[in-house]
Amino acid sequence: MQVYLALDIGKTRTGIAKSDHMGLIIKPLKTVKSDELIQELQELEKEYSFERFIIGKPVNIAQGNKDALNMVENKAKEILRAYPKIEQEFINESFTSKEAEAAIKSKGIHLSKDNKALIDAYAAAIILEEYWDS
């Protein structure tokens, strides 16, 4: 099995998580500025041989997430142009940020403005976990 990258794409930041080669371990990697995502993926490509992007998609449009959905879809198209041979799959990312925040706090980590970006990387890990569980 190859490495899968999960992306929790936001307007400002994108959380990135990855699987190991065996598909057993999911690791939150980092959070990057969303407008620098393609450059970061190019750096990660040098280190990992990934074969699939699992992208969190806000599907709760009834609550006014249409702009967020369009933004994620546009970023996914940009990723596809940069990586036409790497498959993309989408999964509902509703509530992953809240789950990530709870998981971080359960580890005794206090969230502040200096480390709030941890939530995005952990949310990406939850996206990948939910993908494997589905």
Side-chain angles (χ1 to χ4, degrees):
M1 180 174 191
Q2 296 291 319
V3 173
Y4 285 20
L5 287 185
L7 305 173
D8 180 35
I9 301 171
K11 183 177 179 181
T12 307
R13 296 182 313 252
T14 296
I16 303 172
K18 74 170 201 70
S19 69
D20 67 345
H21 290 286
M22 305 271 305
L24 300 172
I25 298 171
I26 299 169
K27 178 182 177 186
L29 271 184
K30 57 176 57 183
T31 300
V32 300
K33 293 179 181 177
S34 291
D35 59 356
E36 297 174 0
L37 179 59
I38 299 299
Q39 296 90 328
E40 185 61 37
L41 293 176
Q42 291 168 345
E43 290 301 313
L44 290 172
E45 185 180 32
K46 294 174 188 175
E47 192 171 346
Y48 309 108
S49 174
F50 44 87
E51 81 169 34
R52 185 168 297 178
F53 294 111
I54 309 302
I55 301 172
K57 194 172 191 178
V59 296
N60 205 357
I61 296 174
Q63 293 183 0
N65 286 341
K66 190 170 183 170
D67 290 341
L69 177 63
N70 289 335
M71 185 266 310
V72 169
E73 288 175 341
N74 288 335
K75 186 59 79 170
K77 288 176 187 173
E78 185 181 331
I79 294 167
L80 187 60
R81 283 191 298 274
Y83 294 95
K85 294 182 181 181
I86 297 180
E87 294 182 43
Q88 291 184 356
E89 292 196 45
F90 296 90
I91 188 162
N92 180 1
E93 60 94 31
S94 299
F95 309 111
T96 55
S97 292
K98 290 182 191 287
E99 290 177 48
E101 186 173 346
I104 291 166
K105 287 180 178 178
S106 75
K107 295 177 187 279
I109 299 171
H110 174 71
L111 290 169
S112 67
K113 67 177 184 169
D114 295 330
N115 67 359
K116 197 163 177 122
L118 280 174
I119 293 171
D120 301 309
Y122 272 79
I126 291 169
I127 288 167
L128 187 50
E129 187 175 307
E130 289 180 359
Y131 169 78
W132 278 343
D133 289 346
S134 65

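Taking a cutoff of 4.0 Å between a charged side-chain nitrogen and a carboxylate oxygen, Glu43 and Lys46 qualify as a salt bridge. Between Lys30 and Glu40 there is a salt bridge, since at least one side-chain N of the basic residue sits less than 4.0 Å from a carboxylate O of the acidic one. Here Lys57 pairs with Glu73 in a salt bridge; the nearest charged N to carboxylate O distance falls below 4.0 Å.
Distance check: Phe53 CZ to Phe90 CZ gives 11.0 Å after rounding to the nearest 0.5 Å. Taking CG from Asp35 and CZ from Arg13, the interatomic distance works out to 12.5 Å, rounded to the nearest 0.5 Å. Note: Tyr83 OH to Leu5 CG = 9.0 Å, rounded to the nearest 0.5 Å. Atom CG of Asn74 sits about 9.5 Å away from atom CG of Leu69, to the nearest 0.5 Å. Separation of atoms CG (Leu128) and OG1 (Thr96) is listed at 12.0 Å; rounding is to 0.5 Å. The distance from the NZ atom of Lys18 to the NZ atom of Lys27 is 6.5 Å, given to the nearest 0.5 Å.
Grouping the Ile, Leu, Val, Met, Phe, Trp and Tyr side chains by contacts below 4.5 angstrom, directly or via other members, places Leu80 apart from Leu41. Ile91 and Ile126 fall into different hydrophobic clusters, where Ile, Leu, Val, Met, Phe, Trp and Tyr residues are linked whenever their side-chain heavy atoms come under 4.5 Å apart, directly or through other members.
Side-chain contact between Tyr122 and Thr31: absent, with no pair of heavy atoms (C-beta onward) separated by less than 4.5 Å. Side-chain contact check for Glu89 versus Ile55: every heavy-atom pair is 4.5 Å or farther apart.
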When you look at Glu130 and Glu99, which way does the side-chain contact (heavy atoms from CB on, under 4.5 Å) test go after all the steps?
-> CA-CA 12 Å; Glu130 289 180 359; Glu99 290 177 48; 3.5 Å; yes
Glu78 and Ile38: CA distance, side-chain angles, deciding distance, side-chain contact (heavy atoms from CB on, under 4.5 Å) verdict | CA-CA 8 Å; Glu78 185 181 331; Ile38 299 299; 3.2 Å; yes
Apply side-chain contact (heavy atoms from CB on, under 4.5 Å) to the pair Ile79 and Leu7, showing each step before the final yes or no.
-> CA-CA 11 Å; Ile79 294 167; Leu7 305 173; 3.6 Å; yes
Step by step, would you call Tyr4 with Phe50 a ring-ring contact (aromatic ring centres under 6.0 Å, His included)?
-> CA-CA 5 Å; Tyr4 285 20; Phe50 44 87; over 10 Å; no
Hey, mind stepping through Lys75 and Leu37 against side-chain contact (heavy atoms from CB on, under 4.5 Å) and telling me if it holds?
-> CA-CA 9 Å; Lys75 186 59 79 170; Leu37 179 59; 4.0 Å; yes
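The shortest non-hydrogen separation linking Thr14 to Ser34 is OG1-OG, 2.8 Å. Residues Trp132 and Leu24 come closest through the heavy atom pair CH2-N, 4.5 Å. What you find for Gly56 and Ile127 is that their closest heavy atoms are CA-CD1, 3.6 Å. Looking at every heavy atom in both residues, Val72 comes nearest to Pro58 through CG2-CD, 3.8 Å. When all heavy atoms are compared, the tightest approach of Ala123 to Ala100 is N-CB, 3.5 Å. Of all the heavy atoms in Ser19 and Val3, the pair that sits closest is O-CG1, 3.4 Å.
Between the side chain of Gln2 and the backbone N or O of His21, no donor-acceptor pair lies under 3.5 Å. When atom types are taken as modelled, the side chain of Asp20 and the backbone of Ile25 share a donor-acceptor pair closer than 3.5 angstrom.
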